[in-house]
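Just so we're clear, the structure is a prediction, and the values are computed from it rather than from any experiment.
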Amino acid sequence: MTGLPRGLGRLLAVLLLLAALGGIGALVWLPVHLMAGQERAVAEAEARIAALEARRSDRERLGSERQRLEGEQARDRSVVRTPTAALAGAELQALVSAIVLGSGGKLESVQILEPREQGPFEEIGLRLTLTVGTEELRHLLYALEASTPAMRVTSLSLRPAGEDGREGTAPPLHVTLQVAAFAAIDQSS
């Protein structure tokens, strides 16, 4: 076997030793490097989980607040709640007719007016023609303004009905009255 020159043999031995040490170093460094990457990934996942848990608690809080507000809104009878303006007008017509008849008036006609958009609501109007006494008219107007849903009188026209009242009473009045109420139209129904 031929021997290598002494300097070259040593150089080769040192290079083999360095290669072996480099290989061992790489075998140690690789798992350490992979573990450090995994630790970073775990830390990022934990931070993301914490952020999601915070969002979940916010979402639960907002969901309960939404349910509370929807419940309050459902209990709020100051507006008519129907799926269409036509149904709101019919509901309002039935309510106003009952108030007029309950106040002692004689209802001659009811006309549902064209709804008008008023922000998130629609204003539903009625034009009524009726005959009523003065005292009954006072009761009627109070009943309309104190009703649920809230209504307001937008126009009132009075003229004598042409009939003489009984002895000691005022003659009846021919009344043209416009009332309006707000409707929350719920398209999801």
Side-chain touch [X]/[Y], heavy atoms, less than 4.5 angstrom:
| X | Y | value |
| --- | --- | --- |
| L126 | Q178 | no |
| L137 | L158 | yes |
| S97 | L128 | no |
| V153 | L141 | yes |

Determine the minimum heavy-atom distance between [X] and [Y], stating which atoms define it.
| X | Y | value |
| --- | --- | --- |
| A88 | I124 | CB-CG1, 4.0 Å |
| S147 | I99 | CB-CD1, 4.0 Å |
| A143 | S103 | CB-OG, 4.5 Å |
| L92 | M151 | CD1-SD, 3.5 Å |
| T82 | V80 | CG2-CG1, 3.8 Å |
| L144 | L177 | CD1-CD2, 3.6 Å |

Intermediate values then yes/no, side-chain contact (heavy atoms from CB on, under 4.5 Å), Q93 and V110: CA-CA 7 Å; Q93 178 181 355; V110 179; 3.6 Å; yes
Determine whether [X] and [Y] fall in the same hydrophobic cluster, where Ile, Leu, Val, Met, Phe, Trp and Tyr are linked whenever their side-chain heavy atoms lie under 4.5 Å apart.
| X | Y | result |
| --- | --- | --- |
| L34 | V28 | no |
| L87 | V96 | no |
| V179 | V79 | no |

Rounded at 0.5 Å granularity, tell me how far [atom1] in [X] sits from [atom2] in [Y].
| X | Y | atom1 | atom2 | value |
| --- | --- | --- | --- | --- |
| D58 | E60 | CG | CD | 9.5 Å |
| E91 | I112 | CD | CD1 | 11.0 Å |
| L173 | E136 | CG | CD | 9.5 Å |
| K106 | T129 | NZ | OG1 | 12.5 Å |
| H174 | T131 | NE2 | OG1 | 6.0 Å |
| E122 | T84 | CD | OG1 | 9.0 Å |

Carboxylate-amine/guanidinium proximity below 4.0 Å for R138 and E135: yes
L113/Q111 under side-chain contact (heavy atoms from CB on, under 4.5 Å): CA gap, chis, key distance, verdict: CA-CA 6 Å; L113 303 176; Q111 177 187 5; 4.1 Å; yes
